[in-house]
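To start, the structure itself, in structure tokens.
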Amino acid sequence: MNAPKPAWLKVRTAAGDGYAAVRSGIRSAALHTVCEEARCPNRPDCWGRGTATFLLLGDVCTRGCAFCSVRRGAPARPVDAGEPERVARCAAELGLDHVVLTSVTRDDLPDGGASVFARAIAAIRAALPGARVETLVPDYRGAALAVVLGAGPDVLAHNIEVVRRLTPLVRHGACGYDRSLSTLREAKGLSPRVATKSSLLLGLGEEPTEVEEAMRDLRETGVDVLVIGQYLRPAPSNAAVARYVPPTEFESLRALGESMGFAAVVAEPLARTSFRAAEAYGASRPAHVG
């Protein structure tokens, strides 16, 4: 699709002390963020509010999905043992009250990097006792998922990304629609009081009935928070945009999600998994976390 982006997808330019503070803190701690690596359109807004999503386990993913701009390949460096503590120090220096952790996928590691998530959660708890911790994890199952949940995150997120039909076309072959649903279902079974979260990207050729099916599949797994946003092509090598979805459709999907029983639904063109994460967590907490 070569049509210009519509007006509702315009992003404001970065400004303010919050943006500069987050950028400086991340640079000085030698950390990665998914905001930068995935070329998130919300970076000016989120950093301007003093929030960021830390990217664990380096900046090279062993998979490579067609919608994502994170570098793919075989990681050349060993896992950085000091990364969890640096994340915690950076979060403390920025005074964050809601810390979001995600990672590249590391199929080369025996536990997929789950132990690094657990160490980062523990370090944040020590440095920022009152902060909430949200984890956006790869498709962990079994022991790896239990390790992350055992560290006590407030939110466990994992994205199905797209509808079932598009999964083999857009996601890496090692990913799977049903595997992702299993991750979310297992997480809720292991830790019922931890809020679970997932997201869908639209504009890749999905049909309305397929979107509704995916929403119902997520709700049936016990997912508490649903995020729906517009796919934006990060680079020419990534999958093309098939359609720009108007805000009115997102509003309809938000209402549909709420009618299905999700505790919180964030549905708007620029929404991403960690977009307005603290607000979504607050909406989900009364019904699901005591």
Kindly determine whether V70 and D59 satisfy side-chain contact (heavy atoms from CB on, under 4.5 Å), including the steps that lead there.
-> CA-CA 7 Å; V70 174; D59 61 348; 5.7 Å; no

So do the side chains of H158 and S180 get within less than 4.5 Å of each other, counting heavy atoms only?
-> yes

So do L145 and L190 actually touch side chain to side chain, heavy atoms under 4.5 Å?
-> yes

Partners of R125 by side-chain hydrogen bond (donor to acceptor under 3.5 Å, both in side chains), sequence neighbours excluded?
-> D154

For E258, what residues pass the side chain to side chain contact (heavy atoms under 4.5 Å, CB included) criterion, not counting sequence neighbours?
-> R254, V265

Side chain of T135, backbone of V155: donor and acceptor closer than 3.5 Å?
-> yes

Can L109 be reached from L56 by stepping across I, L, V, M, F, W or Y side chains whose heavy atoms are under 4.5 Å apart?
-> yes

Salt bridge (charged side-chain N to carboxylate O under 4.0 Å, His left out) against E212, all qualifying residues, sequence neighbours excluded = R216

Between S252 and E249, is any pair of side-chain heavy atoms under 4.5 Å apart?
-> no

Are the side chain of T62 and the backbone N or O of D107 linked by a donor-acceptor pair below 3.5 Å?
-> yes

Flag, side chain of E161 to backbone of Y177, donor-acceptor distance under 3.5 Å | no

Under a single-linkage definition using a 4.5 Å side-chain heavy-atom cutoff for Ile, Leu, Val, Met, Phe, Trp and Tyr, are L156 and V133 assigned to the same hydrophobic cluster?
-> yes

Quick one: does E206's side chain get under 4.5 Å of L166's, heavy atoms only?
-> yes

Could you tell me the separation between the CG atom of L226 and the CG atom of D224, rounded to the nearest 0.5 Å?
-> 11.0 Å

If a pair satisfies salt bridge (Lys or Arg N to Asp or Glu O under 4.0 Å) and one of its residues is in residues 138-153, list it, with sequence neighbours excluded.
-> R63-D139, D139-R179, R141-E186

Kindly indicate whether the side chain of V241, heavy atoms from C-beta on, has any atom under 4.5 Å from the side chain of K5.
-> no

Please identify each residue that fulfils side-chain hydrogen bond (donor to acceptor under 3.5 Å, both in side chains) with T105, with sequence neighbours left out.
-> none

Smallest heavy-atom separation, M215 atom then I228 atom, equals SD-CD1, 4.2 Å

OH on Y231 to CG on L200, rounded to 0.5 Å = 15.0 Å

List the steps, then state whether side-chain contact (heavy atoms from CB on, under 4.5 Å) holds for L218 with F262.
-> CA-CA 9 Å; L218 289 170; F262 288 101; 4.1 Å; yes

Measuring from L270:CG to L9:CG, what's the distance to the nearest 0.5 Å?
-> 5.5 Å

Output for pair (L101 CG, I121 CD1), nearest 0.5 Å, gives 6.5 Å

Is there a side-chain contact between L202 and L253, using heavy atoms and a 4.5 Å cut-off?
-> yes

Would you list the pairs meeting salt bridge (Lys or Arg N to Asp or Glu O under 4.0 Å) in which at least one residue belongs to residues 166-175, sequence neighbours left out?
-> none

Does the N159 side chain pair with the main chain of S198, one donor and one acceptor, at a distance under 3.5 Å?
-> no

R72: partners by salt bridge (charged side-chain N to carboxylate O under 4.0 Å, His left out), with sequence neighbours left out = none

Do T196 side-chain atoms and G222 backbone N/O form a donor-acceptor pair below 3.5 Å?
-> yes

From L204 atom CG to F67 atom CZ, the distance as rounded to the nearest 0.5 Å = 9.0 Å

Rounded distance [0.5 Å steps], CG in L136 versus NZ in K197 | 8.0 Å

Taking only residues two or more places apart in sequence or in another chain, which ones pass side-chain hydrogen bond (donor to acceptor under 3.5 Å, both in side chains) with E220?
-> none

Using the test side-chain hydrogen bond (donor to acceptor under 3.5 Å, both in side chains), find all partners of R106 that sit at least two apart in sequence or belong to another chain.
-> D108

Which residues satisfy the side chain to side chain contact (heavy atoms under 4.5 Å, CB included) test with A88, sequence neighbours excluded?
-> A123, I124, A127

Over all heavy atoms of both residues, which pair between A214 and V163 is shortest? Give the atoms and the distance, please.
-> CB-CG1, 4.4 Å

With sequence neighbours left out, what residues match P168 under side chain to side chain contact (heavy atoms under 4.5 Å, CB included)?
-> none

Quick one: does R233's side chain have a donor or acceptor within less than 3.5 Å of a partner on P236's backbone?
-> yes

A114 and A144: which non-hydrogen atoms are nearest, and at how many Å?
-> CB-O, 3.3 Å

Can you check whether V60 reaches V104 side chain to side chain, under 4.5 Å on heavy atoms?
-> no

For R119, side chain to side chain contact (heavy atoms under 4.5 Å, CB included) partners two or more places apart | P84, E85

Is there side-chain contact between F117 and P153, with at least one heavy-atom pair below 4.5 Å?
-> no

Check: E210 side chain, R164 main-chain N or O, donor-acceptor pair, under 3.5 Å | no

